[in-house]
Structure formats: C-alpha cells, structure tokens
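Index from 1, following the sequence.
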Amino acid sequence: MNSVHLSHKSQLVAAALSASLATAGVFHAYQVFTRRIRRKELDEEVKRLRQPRKHTIGSYKRPVGLDYDEELIREQLARNYAFFGEEGMAKVRRGRVVVVGCGGVGSWAAVMLVRSGISNIRLVDFDYVTLSSLNRHATALLVDVGTPKVICIEKTLKQISKWVEVDSRIELWRKEDGARLLEDADWVIDAIDNIQTKVDLLKYCHDNKIKVFSSMGAGAKCDPTRIQISDISYTIYDPLARSVRRRLRLQGVDFGIPVVYSTEVPGDVKLLPLPEEEFQKGSVKELGVFDDFRVRILPVLGPLPSIFGLNIATYILCELAGKPISNPLPIKNRKKLYERIYRDLLHRESKIAGHQINRLPIDEDDVAFIFEDLYRGRSVVPPYDVPTRPTLIRWDPSRPVSEDNLVVFELNDAEKHARALWNPDGSVCSLTTPAKLWGAEVKEVVDRRAAEARRVRDWVM
C-alpha cells in the first residue's frame, strides 16, 4: 500500500516538474520573442529619426493663434518698452524680418527678435535638423531630428509669443526666383553657409535697397572677445569675410553691408575628413545635396554661432527702434595702419627690385594677420616692444613675400635688416644671414610664427 502511494506521489511530482519546465520554456520563448519585437521597433525608430521627415517643399503655414490680449503683450515686452520707449517699440513690433539660413546663427537671431517684439518673421531654409545640429541650434531638441529647421523654429516661436506670425519656407534661396522670399522685408538676415549663395543674396539686397545683415564665419573659433560688428569693407581677418568681400567687389559692391565676424584666426582644428572610399566614388562635390555646399563637417563650438546671432538681433532691433548703434567697430581706425604698412612694404620691394611693383602677393588683410595675430602687434626683436612705426620686411631675402616670410620690426631695425641682407643693386648679400644678424632667440620666434602662418594658410585653403 505504501509503495503504491509513493509511486503515485512520484508521478505527481514528475508531472508538476514537467509542467514547470514547460511553463518556463514558454515564458523564455515569450521573452525572446518580445525582445526581438522591441529590438525591431528600436531599429525602426532609429531609422525613422535618421531619415528626413516628409514635408511639402515651399510655404508651410500654421494657423495664427487666438487673439492675444494687448495688456499681456505689453507685460511680456515690458523691459523692451522700458529700453526703447513707446515709439521705438511700435516700430519694432511693425518690423518684418526675413531670416535666410536657420542653423546655429539664424535660429538664435530669430528667437531673440521674436522675444523682443518682432511680430512678423519669415524663415527660409531647405535643411533638416540632424543630431549634429543639437550642439548649436537655438530650438532643436532630440525629437526634432529629421524635422525641417524652419518648422522646428516656428514651433518654438509660437510658444514664446502667441501673437507672432511665422511664415516658414522649406526652400533654398536662389537668385533666379528669390525675390518672392524677400517681399515686404524691412530687414533680411543672411546666415547662409554657401559662399556663392551668400554673395548672390547680398548683391540682390544691395541692388534693390533692401537692408541686409550678414553673418561671417563662426566655425573653428572660440574667443568671444574677438567678435565684431562692422561694415563688410572694414572686416580685418576672416577667411569667409575676405572671400565674400572680394566677390562682391567684382560685382561693384564695395561697402554698405553690416556684418558680424571674428578677428580670431582659426585654431588648430580641421574639417573632419571623408572616408577614402568616398573619394573613390568620384568628385567630392557630387556628394552634396546641392552643388558647392560643404559635405564635410566644420568644427563649431556651440556658443559662437549663438553669439553671432545675438549680435545680429541686437543690431536690427536698435535700427528698427530708431536707436542705432553709433560706433559698432572699435578697431576700424586700425585699417589705416594696415594700409600704411602695406604701402611701406610695397615701396621697399619696388626699391629692392629696381622697378615699380604695383601689386604684392598679399593684401591689407594679410598685413593685419601678420601684425596682429602672428606677432601680437609687437616687434620680433627683444624685449618685443610695441613699435611706434611698425614695419614689415622679408626675413629671408632669398624667399618671396609671403605670410610666413614677413616679420614685424621697428622702422630703424627694418632699415638695419635691409642694409645687412641686400646689396645696393637689390641682390642678396652673402656676408651674413638673418640668424647671424639677430641671434638664435629672434630666429626661434620667427620660425614659430612662420609655422603658425603655414597652419592657418593650410586651414584656409
């Protein structure tokens, strides 16, 4: 009897154990299945974020919100009313601004203009928010990746000011048909990356008497104290400003366009390289969505584009309110100094050559770069005083004029250098060398500055 009971009990235990194992197996299979489903959903979500969302190209408008009480508007803008007064704020609130290029610079300008009372703004940009946009864009969040930049900004502007009218255009500004995008604009903000499109926009605005403010290069910069507002004709050393200025001059535009730029020389940062296989596919330019748009990532420290955008917004607000910034460039008189140094160098080189030279392979921008950025406004001769009559002269007489072969001397030291290293007939003197004349300490400084000049030249080119 006991043996029968034990046998029955063993059967029950075995059955329970089998049922438990079967349940565990089903549960494990369910977990594997749900993990696969979840992994698939995550993969699809990542792919969705990486792909641009589908939006209609052209005008994208959302309904203007309900009427917003004027008292609430004035309370929100109370600090601006205190600064500009009734008349000034009336002008600001009537102002119509078009922002062309809505990345790191344009987005910050747009946000601060609307926060300050601009009630009508048009945003123009063909581009979409990417993960790499998030380090500098004023409004973009992680959930906005794949969204057109103009729509991303519009959403934030509507949350800031209930009364603002935003006209978002998912378009690339082109000179052939860009006039309609600038209609009724009191001010246009140029925050475009592409040089030729930027020049086309500035030329169009200049010719059609449309006020335009242009942003120069914020990439590869880190010193906020070097950021300046000036007329484009006064820009001192900025690779983008130089290129834009020269192209505009060829089209008859010499001045009359305010810009924000930095006098800081780009540091030891470079464009992130493309993989070798991309070069093997053909022309690198063909990799871009549009011709001549950069396809490599330019290093950008996030705060710098925002400071550029805030400079633009401040300038335009003051202009609209009738309280313009009276002297926006504290170093503009330095340009005369650079012109004088250039003329002296041209005269010296003509004297050495024995005939008139009309043009050197450098210009006033290069003079400013050598004097201010390479030699910090000081003579190369110890104790490195600030020269009363700064002069540029070739260090090595056997090499041509270039940024890495010009040094800063006080005038009397430059004369000593010329007498020792050139014969009266302009030939190079073989009796001494610059290193023998000035010593190892000076040569070390010159070599260091020359290497710095070559790094900058390589970066710009």
Side-chain angles (χ1 to χ4, degrees), residues 216 226 228 230-250 253-255 259 261-266 329-381 384-419 421-422 426 434 445-446 449-450 452-457 459-461:
M216 296 294 115
R226 303 296 292 273
Q228 305 283 339
S230 80
D231 187 272
I232 193 167
S233 62
Y234 285 127
T235 51
I236 293 175
Y237 189 80
D238 179 308
L240 178 59
R242 172 192 289 185
S243 181
V244 171
R245 188 176 65 247
R246 288 178 173 175
R247 295 190 190 199
L248 285 173
R249 280 178 179 172
L250 293 175
V253 181
D254 293 318
F255 59 90
V259 303
Y261 77 106
S262 172
T263 61
E264 178 185 0
V265 177
L329 183 63
I331 59 173
K332 68 180 182 181
N333 290 330
R334 300 287 276 182
K335 190 169 181 65
K336 294 181 179 179
L337 171 63
Y338 308 141
E339 290 172 349
R340 198 269 303 159
I341 294 176
Y342 179 87
R343 287 195 305 270
D344 288 351
L345 177 61
L346 181 63
H347 176 73
R348 186 182 302 279
E349 288 297 321
S350 296
K351 185 177 179 181
I352 292 173
H355 60 82
Q356 180 62 40
I357 296 176
N358 296 321
R359 198 177 196 87
L360 293 172
I362 66 167
D363 61 14
E364 287 88 348
D365 270 2
D366 300 309
V367 169
F369 164 58
I370 295 165
F371 181 68
E372 302 285 3
D373 296 288
L374 289 184
Y375 288 92
R376 285 61 168 171
R378 295 179 178 275
S379 169
V380 71
V381 178
Y384 313 112
D385 291 329
V386 176
T388 57
R389 174 85 183 208
T391 304
L392 290 186
I393 190 170
R394 278 188 281 163
W395 172 255
D396 183 348
S398 64
R399 292 177 53 218
V401 170
S402 64
E403 293 95 329
D404 61 345
N405 191 37
L406 288 171
V407 297
V408 176
F409 279 122
E410 181 64 78
L411 178 60
N412 58 344
D413 289 328
E415 295 293 344
K416 173 183 174 181
H417 187 82
R419 287 193 301 269
L421 296 174
W422 279 276
V445 173
V446 172
R449 301 295 183 235
E452 185 177 345
R454 287 190 290 272
R455 284 198 302 271
V456 172
R457 181 182 59 203
W459 189 94
V460 172
M461 297 301 291

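Taken to the nearest 0.5 Å, the CZ atom of F371 stands 9.5 Å off from the OG1 atom of T391. With rounding to the nearest 0.5 Å, the separation of CG in D363 from CZ in R242 is 5.0 Å. We find the CG-CD distance between L374 and E452 to be 5.0 Å, quoted to the nearest 0.5 Å. Between M216 atom CE and R245 atom CZ the span is 9.5 Å, to the nearest 0.5 Å. Rounding to the nearest 0.5 Å gives a distance of 10.0 Å between CD of E415 and CG of D413. Between Y375 atom OH and L406 atom CG the span is 8.5 Å, to the nearest 0.5 Å.
At a threshold of 4.5 Å between non-hydrogen side-chain atoms, the residues V446 and P434 do not count as touching. Looking only at side-chain heavy atoms (C-beta outward), L248 and D254 stay at 4.5 Å or farther from each other. Residues I362 and S402 have side chains not in contact (no heavy-atom distance under 4.5 Å, counting atoms from C-beta outward). Counting only heavy atoms from C-beta outward, the side chains of R340 and R389 approach each other to under 4.5 Å. Looking at heavy atoms from C-beta onward, R378 lies out of side-chain contact with V408 at the 4.5 angstrom threshold. Contact annotation: the side chain of L421 approaches that of P397 to within less than 4.5 Å [non-hydrogen atoms, C-beta and beyond]. Residues F409 and P387 fail the side-chain proximity criterion, which asks for heavy atoms closer than 4.5 Å.
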Please assess V381 against E410 for the test side chain to side chain contact (heavy atoms under 4.5 Å, CB included), listing each intermediate value before the final yes or no. CA-CA 9 Å; V381 178; E410 181 64 78; over 6 Å; no
What verdict does the side chain to side chain contact (heavy atoms under 4.5 Å, CB included) test give for I357 and L346, after you've listed the backbone C-alpha separation in whole Å, the side-chain angles of each residue and the deciding distance to 0.1 Å? CA-CA 7 Å; I357 296 176; L346 181 63; 3.9 Å; yes
Decide side chain to side chain contact (heavy atoms under 4.5 Å, CB included) for Y384 and V445; before the verdict, give the C-alpha distance in whole Å, the side-chain angles of both, and the deciding distance to 0.1 Å. CA-CA 11 Å; Y384 313 112; V445 173; 3.8 Å; yes
Would R394 and W422 count as a side chain to side chain contact (heavy atoms under 4.5 Å, CB included) here? Give the steps. CA-CA 11 Å; R394 278 188 281 163; W422 279 276; 3.7 Å; yes
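Considering all non-hydrogen atoms of both residues, Y338 and V367 come closest at O-CG1, 3.8 Å. Scanning both residues, I232 and V244, for their nearest heavy atoms gives CD1-CG1, 3.8 Å.
For the pair S243 (side chain) and L240 (backbone), a donor-acceptor distance under 3.5 Å is absent. At least one donor-acceptor pair under 3.5 Å links the side chain of D238 to the backbone N or O of A241.
Counting only N and O atoms by type, the side chains of Q228 and T263 include no donor and acceptor under 3.5 Å apart.
Using bins of under 30°, 30° to 60° and over 60° for the plane-to-plane angle, the ring pair W395/H417 lands in the parallel bin.
Salt bridge status for R454 with E403: absent, with no side-chain N to carboxylate O gap under 4.0 Å. In summary, R348 and D344 do not engage in a salt bridge, as defined by a charged side-chain N under 4.0 Å from a carboxylate O. For the pair D404 and R399, the salt-bridge criterion is met [side-chain N within less than 4.0 Å of a carboxylate O].
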